[in-house]
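In each ligand, atom 1 is the first atom listed, and ligand 1 is the first ligand listed.
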Amino acid sequence: MENIRVRFAPSPTGYLHVGGLRTALYNYLFARKNNGKFILRIEDTDRSRYVEGAVENLIASLKWCGLNYDEGPDIGGAYGPYMQSQRIDIYQKYAQELISKGYAYYCFCTPERLEALRKEQQLQKLPQAKYDKHCLHLSKSEIEEKLNSKIPYVIRLNVEPNQKIIFDDAIRGTVEFDSNNIDDQILIKSDGYPTYHMANVVDDHLMKISHVIRGEEWLSSTPKHILLYNYFNWEKPIFAHLPLLLNPDRSKLSKRQGDVAVEDYRAKGYMKEALINFVALLGWNAGDDKEFYYMDELIEKFSLERVNKSGAVFDIDKLNWLNAEHLRKKPDDEILSMLKDYIKTTEFADKNFSDSFLLNIIHAMKERVSFVHEFVNNCKYFYEEPKDYELKSVEKNWKDDTPELMKKLVERFSLLNNPKKEDFEYALNKIAEEHNISKGKLIHPLRLAVSGQSTGPGIFDILFILGKDEVIKRINIALEKIPQLL
Ligand code: GLU
């Protein structure tokens, strides 16, 4: 394929929606796979929706995910500016071109007239309200006069009735619309700003976009865009409409059922690799069962042909699983640096844990966590003495003879010199043997004493990581505190 140029064209709402991330990612993958260009264009022509900092936020989220674009508002490019609000004159010029050819016209109708028209059409039970082309029939002099007297106006698309608008969508196949169902869309609003349709088509043309890859919600806008391309006599890009994202109950993905902003997932500790991997599979697969991907492999495998038509269900369990998988496959030193960053945000920020201590925790916990923060929050006992003891386990495992056995362990452990995991194990086994008891009779209460919990990594790993002195200290504390719970 030659001169592939695709764009992600968000309207800045304040954050990057996961659906937006999916659109951006598919555009990015398609561009990278085909040696094309990936462009970021900000569609900010709706001034009523202006949100302070929204563009910066969006760019930050894209960059965090590694979706680097080749042209965009902050880096420029040959077809800029890339913020539509800075291109108003361009749209005006093209609107005038359409007017001169009779494909667009001034409309001076007041909001009151439009409202009355809408009500009337409602009474007639028309399927949808449509403008009645009233102003299309104004004479040249009437238009001049109204423009001179500064009567507010919009510019509308002159949709020719009784036409079939047909196009091939790379994902959905042949799509057909009836022009009788298309309103004379406003192209330029009364504030002089273009609507989405006008700006989108003009820019896709001027920026030489070859493929328009976007969400299914824009499919119904496409016939209007096709009309514009026809009226301008411009070559049309290839359209590819991505399937909707759905909640598990198959309703449209919404804020009500969970987070939708990329930054929320980031804040919750999801890693970009996992999020990208997850989002890539929302509507695409390589044709096999493989689910774990790095970005490079996605680029290699991606194709529009393998994007599904049907809605893609957003399954948070799968995202969690992928996060765990990506985390486990990371080298220890990377996990270590992430863990240190995380610790800085916790109550342990001021404590100085050594790298080797943290690496030991990482080794012990790696198979048991899905998130970096769980290296702390699922095993706080590594970082501080247990604050309390799991009551169920106390009742089950702290028997009358337990204190005696724990004291024996303390005695035996004290004799050890810089013990490794095996040394603790050997010492414990010895006591079990001598007292002719099962190891469990020692291990369960010992785990409770040193960690406060009944589950976790292997007990001897815990003992080794805590070290002999800390283990002895904790057993002694437990000997005092646990009986008070019974
Ligand atoms: N500005 C539109 C949006 O917010 C872009 C749709 C398109 O890609 O054409 O999603």
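Contact atoms of ligand 1 toward E43: 1 (N), 2 (C), 5 (C) (distance under 4.0 Å to a heavy atom of the residue). Every atom of ligand 1 is numbered from 1 in the order shown, and the set under 4.0 Å from a heavy atom of R214 is 7 (C), 8 (O), 9 (O). Within the listing of ligand 1, atoms 7 (C), 9 (O) sit less than 4.0 angstrom from a heavy atom of N200. If you number the atoms of ligand 1 from 1 as listed, the ones under 4.0 Å from a heavy atom of Y196 come out as 2 (C), 5 (C), 6 (C), 7 (C), 9 (O).
With a 6.0 Å cutoff to the six-membered ring centre and a 45° limit on the axis angle, R22 counts as a cation-pi contact of Y26. Y294 does not carry K329 over the face of its six-membered ring by the limits of under 6.0 Å from the centre and within 45° of the normal.
Look at E217 and you'll find every heavy atom at least 4.0 Å from all atoms of ligand 1.
By the 6.0 Å contact criterion, CD on Q128 is enclosed, its count of non-hydrogen atoms from other residues, nucleotides or ligands being greater than 12.
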Please lay out, stage by stage, how F314 and F278 fare under the test ring-ring contact (aromatic ring centres under 6.0 Å, His included). CA-CA 9 Å; F314 192 97; F278 173 69; 4.9 Å; yes
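Distances between N or O atoms of A9 and those of ligand 1 include at least one value under 3.5 Å.
Looking from atom 8 (O) of ligand 1 to the surrounding protein, the closest heavy atom is R7 NH1, 2.6 Å. With hydrogens left out, the protein atom closest to atom 3 (C) of ligand 1 is W218 CZ2, 3.4 Å, a heavy atom.
Side chains of R214 and R7 form a contact here, defined as non-hydrogen atoms less than 4.5 Å apart.
Electrostatic pairing of E97 and K93 does not count as a salt bridge here, judged by no charged N lying under 4.0 Å from a carboxylate O.
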